[in-house]
Each structure stands twice: as structure tokens, then as C-alpha cells.
Amino acid sequence: MRKKLNKLETKEVLEILKNLYPDAKSELNFTNPFELLIATILSAQSTDKRVNSITKDLFKEYKTPKDFLSLTTEELGEKIRSIGFFRNKSKNILSTCKILLEDYDGEVPKTREELIKLPGVGRKTANVVISNAFGKDAIAVDTHVFRVSNRIGIVKAKNVDETENQLMKNIDKDLWSDAHHWLIFHGRRICKARSPKCSECPLTNHCLYYKNVIQKEG
DNA sequence: AACTCGGGGCA
DNA sequence: TGCCCAGAGTT
């Protein structure tokens with residue numbers, strides 16, 4: 001079995017991805033922690049584009065947990081219907097707003113332990129909020145980051161926790177946020193879950209997936 | 001670990 | 001039509 005790439009090799013791989021996606025960044029560029037939290041809850045199993053299509057109007061009218069709590073789950077649900085899972089998300093968002101208002105004086109908590117207890121907030125969403133609003137001290141691992149990191153060998157992990165730990169260990173902290181976005185862009189554009197475009201990928205020489213699956217098929 | 005929630009975009 | 005989507009919660 002091939003071992004995962006070391007820190008220097010990982011750095012080289014990330015440099016290649018950086019050049020491939022020079023302007024990789026999230027379209028969910030909210031600086032307000034509350035807006036970022038809500039937008040990130042909404043983004044689960046959806047896309048940034050869809051979330052952005054509704055948050056602009058939503059945040060114009062509803063800016064605080066208290067504002068959101070003036071809505072019923074049915075009313076909020078109608079406003080976010082187009083992104084999918086709208087009943088769950090509406091219910092979770094209002095429950096989260098209630099907790100923010102009652103337990104955190106309307107503010108967004110800054111630790112993962114607190115964030116992850118909020119309804120609709122899992123490890124990934126908590127890390128997005130931390131890494132984009134609170135000190136950047138986290139790498140958010142979504143399905144793309146997990147899949148791409150393992151395929152190209154910068155981690156060898158069987159779950160999200162291991163992926164997160166190995167990435168943080170092998171990547172300099174000042175690159176965490178950028179690396180997150182490079183990996184996601186690569187996952188969406190080339191290193192797709194099914195039918196990856198390996199012929200367009202500059203990392204096939206590093207790639208365990210290419211070595212073990214694609215080449216054997218060919 | 002497997003299952004459910006889901007409407008909309010796109011081929 | 002069928003496939004897919006920057007996850008989370010429950011069992």
C-alpha cells in the first residue's frame with residue numbers, strides 16, 4: 001500500500017491546485033457570523049448559487065435571530081423552498097435562532113462544541129463558521145474535500161474526523177481556507193464522485209484513485 | 001453503517 | 001425522465 005503524501009509533497013500538490021483554480025473561493029462570502037451560519041445551514045446538500053439566490057432578499061428583511069423568530073416554520077419554509085429540505089431547514093433555523101437568543105444573547109457562539117449543538121449544525125457547518133468568521137482555526141471537510149483528499153493521497157482516512165486531523169497536520173494553517181476551496185473546486189470540476197475527468201487532471205501521478213481504479217479499468 | 005429528508009437544475 | 005446536489009439527524 002502506498003503511503004499518504006508527506007508535508008512537502010502535499011504542499012506541491014496544493015500548489016498545482018492553486019495554479020489550476022487561482023480564484024477559488026466560496027460564493028457564500030458572508031462576514032456577519034449570523035448570516036454566515038444561516039447561509040451555511042441552508043447550503044447543506046444544495047449549492048452556493050441556490051443559497052445566494054434566496055439569502056439576498058431574506059437577509060434584507062431578517063437580520064437577527066429575533067427577526068427570524070417573527071416567522072413561523074411554514075412562512076420561513078416558503079421563503080427557502082427552492083433549495084430543498086426546506087421543512088427540516090426551516091425548523092432547524094428557527095430552533096437555532098431561539099437558542100441563540102435565549103442562551104447567547106443573540107450572538108453566534110465561537111466554539112465547535114457550542115456550534116455543533118445547534119439544530120442543523122454539524123461538524124462541517126460548525127467548521128465553516130469557525131474558519132470563515134472566527135479565527136480560521138478549522139478546516140471544513142465536506143464530501144468533495146473528503147473524496148479528493150483521499151484520492152490524490154494527501155490523506156489516508158476512513159472518515160471525516162481523520163481527514164480533518166490529517167489535513168490540519170499536513171497543511172500550514174495560513175493555507176487551510178484556500179486549500180479547502182481548491183479541493184472543493186477540483187472535486188466539482190474534475191475529480192467528481194462519478195465519472196471523474198482524469199484526462200484533465202494534473203495530479204494523476206499522485207493519485208491513488210487513478211492508480212488503483214482508472215488504470216486497472218483501462 | 002444505513003437510511004431519510006427534497007425541490008430544482010441540467011443532460 | 002433520471003441523476004445529482006459545499007449535510008445533518010435518527011435508528
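The chains referred to below are lettered A, B, ... by the order of the sequence lines, with proteins before strands, and numbering in each begins at 1. The analysis underlying the following values was restricted to heavy atoms, covering all of them including side chains, and did not include hydrogens, waters or symmetry mates.
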Requested in this report: State whether A:K63 and A:E35 are salt-bridged, where the test is any N-O pair (Lys NZ or Arg NE/NH1/NH2 against Asp/Glu carboxylate O) under 4.0 Å.
Outcome: no
Query raised in the report: How far does the C1' atom of B:dG7 sit from the matching atom of C:dT10, given to the nearest Å?
Result: 22 Å
Report task. Using a 4.0 Å heavy-atom cut-off across all strands, classify A:G122 as base, sugar-phosphate, or nothing. Result -> sugar-phosphate
**Report entry** Interatomic distance at P, C:dA6 relative to B:dA11, whole Å
**Finding:** 15 Å
Query raised in the report: A:F86 has an atom CZ; how far is it from atom P of B:dT4, in whole Å?
Result: 19 Å
**Report entry** Residue mapping more 5' on DNA chain B - nearest nucleotide basis, A:K158 or A:R87
**Finding:** A:K158
**Report entry** Check: A:K124 side chain, A:D142 main-chain N or O, donor-acceptor pair, under 3.5 Å
**Finding:** no
Query raised in the report: When all nucleic acid strands are considered with a 4.0 Å heavy-atom cut-off, which category describes A:I116: base, sugar-phosphate, or nothing?
Result: nothing
Report summary line: Note: A:L71 and A:L94 closest approach over all heavy atoms is O-CD1, 3.5 Å
Query raised in the report: Are side-chain N/O atoms of A:S43 and A:D48 paired as donor and acceptor at under 3.5 Å?
Result: no
**Report entry** Integer angstrom distance from the P of C:dT11 to that of B:dG6
**Finding:** 16 Å
Query raised in the report: If you pin A:N92 and A:S26 to their nearest nucleotides in DNA chain C, which one's is more 5'?
Result: A:S26
Query raised in the report: Using a cut-off of 4.0 Å on non-hydrogen atoms, how would the nucleic acid contact of A:V128 be classed: base, sugar-phosphate, or nothing?
Result: nothing
Query raised in the report: Yes or no on ring-ring contact (aromatic ring centres under 6.0 Å, His included) for A:Y62 and A:F34, after CA distance, side-chain angles and deciding distance?
Result: CA-CA 11 Å; A:Y62 306 94; A:F34 178 67; over 10 Å; no
**Report entry** Worked verdict on A:I80 versus A:F85 for side chain to side chain contact (heavy atoms under 4.5 Å, CB included)
**Finding:** CA-CA 9 Å; A:I80 67 174; A:F85 296 120; over 6 Å; no
Query - Sugar-phosphate, base or nothing in reach of A:R188, heavy atoms under 4.0 Å - result: base
Report summary line: Taking every heavy atom of A:K89 against every heavy atom of A:S46, the minimum-distance pair comes out as NZ-CB, 4.3 Å
Requested in this report: Work out which heavy atom in A:I99 is nearest to a heavy atom in A:P119; give both atom names and the distance.
Outcome: CD1-CD, 3.6 Å
Query raised in the report: Which nucleotide span of DNA chain C, 5' end to 3' end, has atoms closer than 4.0 Å to non-hydrogen atoms of chain A?
Result: C:dC4 to C:dG9
Query raised in the report: When you check the gap from the basic side-chain N to the acidic O, do A:K98 and A:E102 get nearer than 4.0 Å?
Result: yes
**Report entry** Proximity to DNA chain B (any heavy atom under 4.0 Å), residues of residues 34-62 of chain A only
**Finding:** A:Q45, A:R50
